[in-house]
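Here's the structure, in structure tokens; my notes come after.
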Amino acid sequence: MSKAGSFFRQKGIRDAFRVLAWVPVGIFFTRHVYSLASVTGGSMQPTFNPNLSSSPLHHDVVLLERWSVAISRFRRGDVVTLWSPQNPELLTTKRIIALEGDLVNPLPPSPPTPIRIPPGHCWVEGDSKYQTRDSNTYGPIPLGLITSRVAYILWPWPRRGIVENELPTKSKGRVRSLGESFLQTTYGKSR
């Protein structure tokens with residue numbers, strides 16, 4: 001009995017060490033490569049949770065891609081997760097509307113004067129017209145608050161697919177990139 005007991009203990013210890021050896025790999029993978037998240041709330045409707053009012057307990061599950069944040073590769077239209085500038089304990093999901101150097105015409109409650117995005121910042125907005133607290137409330141945000149890019153909807157199954165990198169209709173025509181501003185002031189035309 002003691003031989004069998006020591007065998008299982010040794011095999012169990014060996015198996016435990018094999019599993020524990022993969023823990024740092026798993027932590028690295030979820031912090032720097034990919035991870036999963038559940039999107040709650042209605043600020044990104046209709047992109048996420050389009051049926052939130054009829055089924056409030058069902059939330060979209062998404063795949064987060066983290067390496068583009070690590071190499072600071074951001075594009076207008078990317079859906080990202082970020083720490084809220086108003087509540088640092090709240091992770092939110094928004095869409096990048098403008099990047100540094102761009103000129104944005106904000107929506108209320110911001111004043112109607114155009115805002116130039118400073119270096120190292122971006123302008124984010126929710127896709128919803130009515131239930132979003134975004135850069136129109138708190139202004140441009142530092143790129144350092146962004147934690148990941150939302151790449152794929154995994155659940156619900158019928159809606160699975162790539163998250164489109166497209167600006168919502170409420171944002172079209174409100175942003176001028178630095179290149180467009182230069183062309184208009186220098187040559188009197190846009191691209």
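Just so it is clear, the structure is predicted and the values come from calculations on it, not from any experiment.
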query = Taking S135 for the side chain and Y138 for the main chain, is one N or O donor matched with an acceptor at less than 3.5 Å?
reply = no
key: Shortest non-hydrogen contact between L82 and P85, atoms and distance   = CD1-CD, 4.4 Å
key: Over all atoms of both residues, closest heavy-atom pair of S84 and T92   = CB-CG2, 4.1 Å
Could you tabulate the donor-acceptor pairs under 3.5 Å formed by side-chain atoms of residues 140-147, not counting sequence neighbours?
residue, atom, partner, partner atom, Å
T147, OG1, T81, O, 3.3
T147, OG1, T81, OG1, 2.5

query = How about R133: does its CZ atom have over 12 heavy atoms from other parts shown lying under 6.0 Å from it?
reply = no
query = At what distance, to the nearest 0.5 angstrom, does CG of L63 lie from OG of S148?
reply = 9.5 Å
Which residues share a side-chain contact (heavy atoms from CB on, under 4.5 Å) with V23, sequence neighbours left out = L20, I27
Reported CG-to-OG1 distance for the pair D60 and T40, which is rounded to 0.5 angstrom = 10.5 Å
request  = Is it possible for you to say whether L154 and Y34 belong to one hydrophobic cluster, with membership spreading through side-chain heavy-atom contacts below 4.5 Å?
outcome  = yes
message = Please enumerate all residues that pass side-chain hydrogen bond (donor to acceptor under 3.5 Å, both in side chains) together with R174, with sequence neighbours excluded.
response = E125
ask   = Does one hydrophobic cluster hold both F74 and I115, with members joined at side-chain heavy-atom distances below 4.5 Å?
value = no
L103 CG to R116 CZ distance, which is reported to the nearest 0.5 Å = 4.5 Å
query = Would you say V69 and L91 are hydrophobically clustered, going by side-chain heavy atoms of ILVMFWY under 4.5 Å?
reply = yes
key: Atom of W123, atom of S110 and distance for their closest heavy-atom approach   = CH2-OG, 4.4 Å
query = Hey, does V80 have a side-chain heavy atom less than 4.5 Å from the side chain of T93?
reply = no
task = State, with a plain yes or no, whether a side-chain heavy atom of P114 is found less than 4.5 Å away from one of V104.
result = no
key: Shortest non-hydrogen separation from L99 to C122 and the atoms involved   = CD2-CB, 4.0 Å
Where at least one partner belongs to residues 67-78, residue pairs that pass salt bridge (charged side-chain N to carboxylate O under 4.0 Å, His left out), sequence neighbours excluded = R75-D78, R76-D102
ask   = Okay, side chain of N49, backbone of G41: is any donor-acceptor separation there less than 3.5 Å?
value = yes
inquiry  = Hydrogens and angles aside, do S35 and R66 bring a side-chain donor and acceptor to less than 3.5 Å of each other?
reply    = yes
query = Short question: side chain of R159, backbone of P156 - any donor-acceptor pair under 3.5 Å?
reply = no
message = Quick check against the 3.5 Å criterion: does E65 have a side-chain atom that pairs as donor or acceptor with the backbone of W67?
response = yes
R149 side chain near S68 side chain, heavy-atom distance below 4.5 Å = yes
ask   = Within a strict 4.5 Å, meaning less than it, do heavy atoms of the T132 and K170 side chains meet?
value = yes
inquiry  = I'd like to know whether CD1 of I71 has more than 12 heavy-atom contacts from other residues, nucleotides or ligands below 6.0 angstrom.
reply    = yes
ask   = Hydrophobic cluster mates of L64, side-chain heavy atoms under 4.5 angstrom, ILVMFWY only, any path?
value = V39, M44, F48, V62, V79, V150, I153, V163
request  = Measure the shortest side-chain to side-chain distance between I97 and V124 over non-hydrogen atoms and say whether it is less than 4.5 angstrom.
outcome  = no
remark   = salt bridge (charged side-chain N to carboxylate O under 4.0 Å, His left out) pairs touching residues 82-100, sequence neighbours excluded, are R95-D127
task = Report yes if the side chains of S38 and H59 come closer than 4.5 Å at any heavy-atom pair, otherwise no.
result = yes
